[in-house]
Amino acid sequence: MKVKDLASKVGEVIELKGWVANKRESKTVAFVILRDGSGQCQCIIDVNNVGEKVFNDAKTLTLESSLSILGKVVKDERQVGGYEIHATDLKIIQVAEEYPIAKKEHGVDFLMDQRHLWLRSQRQWAIMRIRNTIIFGIHQFFQKEGFIQMDAPIFTGNACEGTTNLFETDYYGQPAYLSQSGQLYGEAMAMAMGKIYTFGPTFRAEKSKTRRHLSEFWMIEPEMAFYDIFQNMDLIESFLNEVIQKVIDECEVELGIVGRDLTMLEKSIAPFQRLTYDEAVEIITGKQKVNGVNTIDTLNGDLKSKEEEKAAILAEIEEREAKINQQGIKKGERNFNMNKVAQLKNSLKDVEEDLRNIPEWIASATNFTYGEDFGGSDETVLTRMFDTPIMVYDWPHEVKAFYLKRNPEDERFARGVDVLAPEGYGEIVGGGERETDVEKVKAKIIEHELPMKEFEWYLDLRRYGTVPHSGFGLGLERLVAYVCKLPHVRETIPFPRMYGRLFP
RNA sequence: UCCUCAAUAGCUCAGCUGGUUAGAGCGAGUGACUGUUAAUCACUAGGUCCCUGGUUCGAGUCCAGGUUGGGGAGCCA
């Protein structure tokens, strides 16, 4: 019996197995919040129903102790989930040692050290379930569309985008790298199957300490024969729309737990804004208005509202500190206010960081040099102007990967496309149409100073029945972070691997 | 690799311009109270103030170097 199925068992006596998520006790009655992986439910252990012995056992329960409870399901609107259990019996499996994660705010480093336990907390539980729904939704979408799932190798000899951010391993005496993309292999498979997608881990040794980088992350890379860049963009659009819609439909409870504001997420299910690089640059630099406003004015407006927000937080801190210092204040109320102040101070730090950043974004946007790739702040500035994801295509070929096709109308541009998620989440998809002409690919390999010999097999794909083809790569963790509106990708994967962290 | 901020009790943090035996809350333990939802009351036990060196009569506090972590840049998904 699982907590999620209680609705169908009202009035019956059932057994639940799980862990103590929380406990409150008094002389004659104890309240145990039991979590079983499917949800949480309050169990009432009344000495009059279970007897002295069982009640005394219940009193020994600590946080995260494991147990099974027998009891009657009772509907109670006050409870999370709407039901509670009136226990008739209880079997303790283990009384847990003192649990390190308390019911309070913790620091990131501490929580990361306790990741194996942190996963049990409600918020992490919700994120992992949303991740699962997204993964399943991705497979469903591609399978429905007739794609064949393929597994690209993880050891690879090809360093397709330079070796600086590759993990090198010893492969029977020769260097092998951990894959940073399965795309080249995906192209080969697409020539065999028509439409394929990879779904696997990728590794990048970037010594990045930012909210959107991991050293090990999961990437989904579809590759389609006979698709041009515009068909590619159509696919990206319907793909993301369907996956996000599935999460909205199926993860209402989980999205509620992570505190996701659905209005923005719902707005993103729509045709995406499509901009060429040139158009995007015009908007970033403020020369082109969007709905009557330009980026500079928008950012200055943001600056103003952040300042108001800061003032409001400061006022609330002052108010609550005054309350704390009042004579004769109840201890509980005092603690409550102290906790609030601690939270407020944290949000103050965030607001102050925004206040420092926004002027820098304005400066970086106004001074943007045509021809360069977008930086993190440029992406933020651009996405700030729209509610839906943005697809930027036709990039200056110098800043893009060697395998991208040039725009036949204008050779200055490569047919790459980046999808930028709203709300500051930046690039979640990178893709494009691939070069089909063997000589042009060769020229690019030379330009990028890549070892030609190792790419001979890739060139074969152009020698034997080359066709127009396109594909893209989606970063799973970035998508999860965006869907959940998390401040950092480290919470989107069970055991994040990033610069400076290998354990647990 | 660069810029920037931080490191004090198991946890979250105070500790002002260097000055006796370093504080609070949470958590833990004990007892009382209670159909409770991080909000009752009291008591108790918890510290190599990250490391090394320096300045000083005196360093948690100042300086230098290091270590670890946060945020960001670059690069990317």
Side-chain angles (χ1 to χ4, degrees), chain A residues 21-33 40 42 44-46 62-63 76 78-80 84 86 97-114 161-162 164-165 180-181 183 202-221 324 329-343 345-346 349-350 352-354 356-357 360-361 364 372-377 379 399-401 418-421 425-431 472-482 487-490 492 498-501:
Chain A
N22 204 348
K23 191 186 81 167
R24 286 170 286 277
E25 63 180 35
S26 58
K27 201 161 209 169
T28 58
V29 61
F31 304 93
V32 170
I33 310 285
Q40 299 196 352
Q42 174 163 275
I44 287 82
I45 300 149
D46 190 323
T62 52
L63 271 189
D76 188 330
R78 291 172 298 178
Q79 301 309 330
V80 184
E84 58 178 27
H86 291 189
E97 292 175 29
E98 187 184 332
Y99 194 61
I101 301 178
K103 294 176 284 179
K104 59 173 292 192
E105 297 249 320
H106 287 286
V108 185
D109 194 37
F110 173 78
L111 287 171
M112 289 307 302
D113 282 341
Q114 308 294 333
E161 286 162 23
T164 48
N165 55 6
Q180 61 174 186
S181 165
Q183 184 206 311
T202 40
F203 308 88
R204 298 203 182 161
E206 292 160 351
K207 292 182 179 171
S208 306
K209 289 165 71 172
T210 78
R211 57 185 70 224
R212 52 183 195 284
H213 286 89
L214 292 169
S215 299
E216 177 184 290
F217 64 98
W218 288 71
M219 194 150 69
I220 295 90
E221 294 180 287
I324 290 165
I329 187 173
K330 269 192 185 171
K331 196 176 166 191
E333 199 178 340
R334 182 157 161 264
N335 291 344
F336 177 74
N337 279 296
M338 285 178 82
N339 282 324
K340 275 284 178 203
V341 168
Q343 281 174 16
K345 282 187 178 171
N346 279 331
K349 276 183 198 163
D350 291 344
E352 281 174 342
E353 199 191 312
D354 286 338
R356 275 193 304 273
N357 283 336
E360 283 173 28
W361 294 348
S364 140
E372 284 180 2
D373 206 346
F374 295 165
S377 70
E379 288 176 356
V399 300
K400 285 289 168 187
D418 281 0
V419 179
L420 308 177
Y425 279 89
E427 191 177 347
I428 53 170
V429 169
F472 63 89
L474 167 81
L476 177 65
E477 286 74 19
R478 286 192 184 172
L479 179 62
V480 177
Y482 160 59
H488 200 297
V489 288
R490 69 184 151 219
T492 63
M498 49 198 183
Y499 183 56
R501 180 167 293 276

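Here is how names work: the chains are called A, B, and so on, in the same order as the sequence lines, proteins then strands, and each is numbered from 1. None of these values were measured; they are calculated from a predicted model.
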Would you indicate what [X] reaches in the nucleic acid, counting non-hydrogen atoms under 4.0 angstrom: base, sugar-phosphate, or nothing?
{"X": "A:F110", "answer": "sugar-phosphate"}
{"X": "A:D373", "answer": "sugar-phosphate"}
{"X": "A:L214", "answer": "base"}
{"X": "A:R501", "answer": "nothing"}
{"X": "A:Q42", "answer": "base"}
{"X": "A:L479", "answer": "nothing"}
{"X": "A:V429", "answer": "sugar-phosphate"}
{"X": "A:G426", "answer": "nothing"}
{"X": "A:E98", "answer": "sugar-phosphate"}

Rounded to whole angstrom units, what separation is found between the [atom1] atom of [X] and the [atom2] atom of [N]?
{"X": "A:I44", "N": "B:U37", "atom1": "CD1", "atom2": "P", "result": "13 Å"}
{"X": "A:W218", "N": "B:C76", "atom1": "CH2", "atom2": "C1'", "result": "19 Å"}
{"X": "A:R24", "N": "B:A32", "atom1": "CZ", "atom2": "C1'", "result": "20 Å"}
{"X": "A:E206", "N": "B:C75", "atom1": "CD", "atom2": "P", "result": "11 Å"}
{"X": "A:F31", "N": "B:A38", "atom1": "CZ", "atom2": "C1'", "result": "16 Å"}
{"X": "A:L420", "N": "B:C76", "atom1": "CG", "atom2": "P", "result": "14 Å"}
{"X": "A:E360", "N": "B:A73", "atom1": "CD", "atom2": "C1'", "result": "10 Å"}
{"X": "A:E97", "N": "B:C11", "atom1": "CD", "atom2": "P", "result": "16 Å"}

Query - Anti versus syn assignment for B:G70, with syn defined as within 90° of 0 - result: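 Anti, angle beyond 90° from zero.
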Could you work out which one of [options] sits closest to the side chain of [X]?
{"X": "A:H86", "options": "B:G72, B:C76, B:G35", "result": "B:G35"}
{"X": "A:R211", "options": "B:G70, B:G74, B:G71", "result": "B:G71"}
{"X": "A:D109", "options": "B:A73, B:G69, B:U36", "result": "B:G69"}
{"X": "A:K207", "options": "B:G35, B:G72, B:U1", "result": "B:U1"}
{"X": "A:M219", "options": "B:G71, B:U12, B:A77", "result": "B:A77"}

Mind checking who [N] pairs with, Watson-Crick or G-U wobble, both distances under 3.5 Å?
{"N": "B:C2", "value": "B:G72"}
{"N": "B:A64", "value": "B:U52"}
{"N": "B:G25", "value": "B:C11"}
{"N": "B:C57", "value": "B:G19"}

Quantified in whole Å, what is the [atom1] atom distance between nucleotide [N] and nucleotide [M]?
{"N": "B:G60", "M": "B:G72", "atom1": "P", "result": "34 Å"}
{"N": "B:C13", "M": "B:C51", "atom1": "C1'", "result": "23 Å"}
{"N": "B:U20", "M": "B:U44", "atom1": "P", "result": "24 Å"}
{"N": "B:G29", "M": "B:A39", "atom1": "P", "result": "16 Å"}
{"N": "B:G15", "M": "B:A7", "atom1": "C1'", "result": "15 Å"}
{"N": "B:A64", "M": "B:U56", "atom1": "C1'", "result": "16 Å"}
{"N": "B:G74", "M": "B:A14", "atom1": "C1'", "result": "38 Å"}
{"N": "B:C75", "M": "B:A9", "atom1": "P", "result": "40 Å"}

**Report entry** ring centroid sep under 5.5 Å plus plane angle under 30, A:F217 with B:A77
**Finding:**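 One would call A:F217 stacked on the B:A77 base.
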Between [X] and [Y], what is the shortest heavy-atom contact and its length?
{"X": "A:L476", "Y": "A:I220", "value": "CB-CD1, 4.0 Å"}
{"X": "A:K400", "Y": "A:D418", "value": "NZ-OD2, 3.1 Å"}
{"X": "A:M219", "Y": "A:S181", "value": "CE-CA, 3.9 Å"}

Report task. Verify side-chain contact (heavy atoms from CB on, under 4.5 Å) between A:R478 and A:E427, making sure each step is shown before the conclusion. Result -> CA-CA 8 Å; A:R478 286 192 184 172; A:E427 191 177 347; 4.1 Å; yes
Report task. State whether the distance check finds a donor on one side and an acceptor on the other, under 3.5 Å, for side chain A:H213 versus base B:C76. Result ->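 For A:H213, whose side chain was compared with the base of B:C76, there is a donor-acceptor pair (under 3.5 Å).
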Query raised in the report: Any donor-acceptor pair under 3.5 Å between the side chain of A:E84 and the base of B:G35?
Result: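 Looking at the base of B:G35, it does pair with a donor or acceptor on the side chain of A:E84 (distance under 3.5 Å).
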Query - side-chain contact (heavy atoms from CB on, under 4.5 Å) partner of A:R24, the single match among A:V29, A:I33, A:V32 - result: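 Per the side-chain contact (heavy atoms from CB on, under 4.5 Å) rule, the option paired with A:R24 is A:I33, out of A:V29, A:I33, A:V32.
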Requested in this report: Kindly compute the distance separating CG (A:N22) from CD (A:Q40), expressed to the nearest 0.5 Å.
Outcome: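 Reported value, rounded in 0.5 Å steps: 8.5 Å.
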Query - Residues A:W218, A:T202; criterion side-chain contact (heavy atoms from CB on, under 4.5 Å); working and verdict - result: CA-CA 6 Å; A:W218 288 71; A:T202 40; over 6 Å; no
Query raised in the report: Start at the 5' end of RNA chain B and walk down; is the nucleotide closest to A:D76 or to A:N22 reached first?
Result: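 It is A:D76, whose closest nucleotide lies nearer the 5' terminus.
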Query - Closest-nucleotide 5' rank along RNA chain B - winner of A:E379 and A:Y99 - result: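 That would be A:Y99.
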Query raised in the report: Quick one: is B:G71 close enough that its OP1 or OP2 comes under 4.0 Å of any side-chain N or O from A:R212?
Result: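 No, A:R212 has no side-chain N/O under 4.0 Å of OP1/OP2 on B:G71.
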Query raised in the report: Which is it for A:D46 and A:H86 under the side-chain contact (heavy atoms from CB on, under 4.5 Å) test, yes or no, and what are the steps along the way?
Result: CA-CA 8 Å; A:D46 190 323; A:H86 291 189; over 6 Å; no
